[in-house]
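Keep in mind that this is a model prediction, so the values were computed, not measured.
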Amino acid sequence: MQSCYPTPSSAQAVLSQTDYEKLLARCQTLPPHQGDYAVQSFLSNVILTVLDYQLHNTIVNKAHERFVRAHGDYIHDIHQLAAFLDRYPNDKQGNTDAAVTLWGYKHWTRLEQLRGLVAQFISIGVVDAD
C-alpha cells in the first residue's frame with residue numbers, strides 16, 4: 001500500500017530531517033480514518049469553503065442542505081452560481097439578500113467571500129473538481 005505521507009525530500013523544504021521524522025512518527029500513531037467525509041460535489045465544496053470555518057456544524061450543515069434543496073435543480077455549475085450571484089448587488093444588503101436566498105442565513109461576509117472565490121476560480125479556469 002502506498003503511503004499518503006510526503007517523502008522526506010518533499011518535506012525538507014519546510015522541516016529538518018529530524019523534525020520530519022518526529023512528525024511522521026506522531027502521525028503514524030493517529031487512529032485510522034473511519035468513514036468517507038468527502039463531499040463529491042464541486043459546487044458544494046465551493047460553498048462549504050466559505051461556510052465551514054468558525055461556524056457551528058449545525059449551521060454549516062443546514063446552510064448546505066438549504067442550498068442543495070432550494071437551488072440544486074438549477075445551479076449545476078460554477079457559471080450558473082456566478083449568474084445567481086450577479087443578480088444581487090455586491091454590497092452589504094445585496095450580499096445579505098443573496099445569502100438568505102442561497103443558504104438561509106444572513107452571513108453576508110461569507111457571501112462576499114463566495115463571490116471572490118467564484119470569480120477567482122473562473123478567471124483561472126477552475127470550473128469543476130478535475
Does [Y] offer a backbone N or O that forms a donor-acceptor pair with the side chain of [X] under 3.5 Å?
| X | Y | value |
| --- | --- | --- |
| Gln120 | Gly116 | no |
| Asp19 | Leu15 | no |
| Gln80 | Asp77 | yes |
| Asn45 | Ser41 | yes |

- Note: Val100 and Lys106 closest approach over all heavy atoms is CG2-CG, 3.6 Å
- Query: Closest approach of Leu43 and Ile75, non-hydrogen atoms and distance?
  - Reply: CD1-O, 3.5 Å
- Task: Mind telling me whether His64 and Phe67 have parallel, tilted or perpendicular rings, with 30° and 60° as the class edges?
- Result: tilted
Using 0.5 Å steps for rounding, measure from the [atom1] atom of [X] to the [atom2] atom of [Y].
| X | Y | atom1 | atom2 | result |
| --- | --- | --- | --- | --- |
| Leu23 | Gln28 | CG | CD | 9.5 Å |
| Leu111 | Thr96 | CG | OG1 | 8.0 Å |
| Arg26 | Thr29 | CZ | OG1 | 5.0 Å |
| Thr49 | Asp52 | OG1 | CG | 8.5 Å |

- Query: Pick from Val50, Ile59, Leu102: which one makes a side chain to side chain contact (heavy atoms under 4.5 Å, CB included) with His107?
  - Reply: Ile59
- Would you find more than 12 non-hydrogen atoms of other residues, nucleotides or ligands less than 6.0 Å from Asp73 atom CG? no
- Message: Less than 6.0 angstrom from the centroid, inside 45 degrees of the normal: does Arg110 satisfy that with respect to the ring of Tyr105?
- Response: no
- Query: Going by heavy atoms in the side chains, are Val126 and Phe42 under 4.5 Å from each other?
  - Reply: yes
- Task: For residues Lys22 and Thr18, determine if any side-chain heavy atom of one lies less than 4.5 Å from a side-chain heavy atom of the other.
- Result: yes
Side-chain donor/acceptor pairs under 3.5 Å, residues 82-91, sequence neighbours excluded:
{"from": "Tyr88", "atom 1": "OH", "to": "Thr101", "atom 2": "OG1", "distance (Å)": "3.3"}
{"from": "Asn90", "atom 1": "OD1", "to": "Asn95", "atom 2": "ND2", "distance (Å)": "3.1"}
{"from": "Asn90", "atom 1": "OD1", "to": "Arg115", "atom 2": "NE", "distance (Å)": "3.4"}
{"from": "Asp91", "atom 1": "OD1", "to": "Gln93", "atom 2": "N", "distance (Å)": "3.3"}
{"from": "Asp91", "atom 1": "OD1", "to": "Gly94", "atom 2": "N", "distance (Å)": "2.6"}

Do [X] and [Y] sit in the same hydrophobic cluster, where Ile, Leu, Val, Met, Phe, Trp and Tyr count as joined when their side-chain heavy atoms come under 4.5 Å apart?
| X | Y | result |
| --- | --- | --- |
| Val46 | Ile124 | yes |
| Tyr74 | Ile47 | yes |
| Trp108 | Leu51 | no |

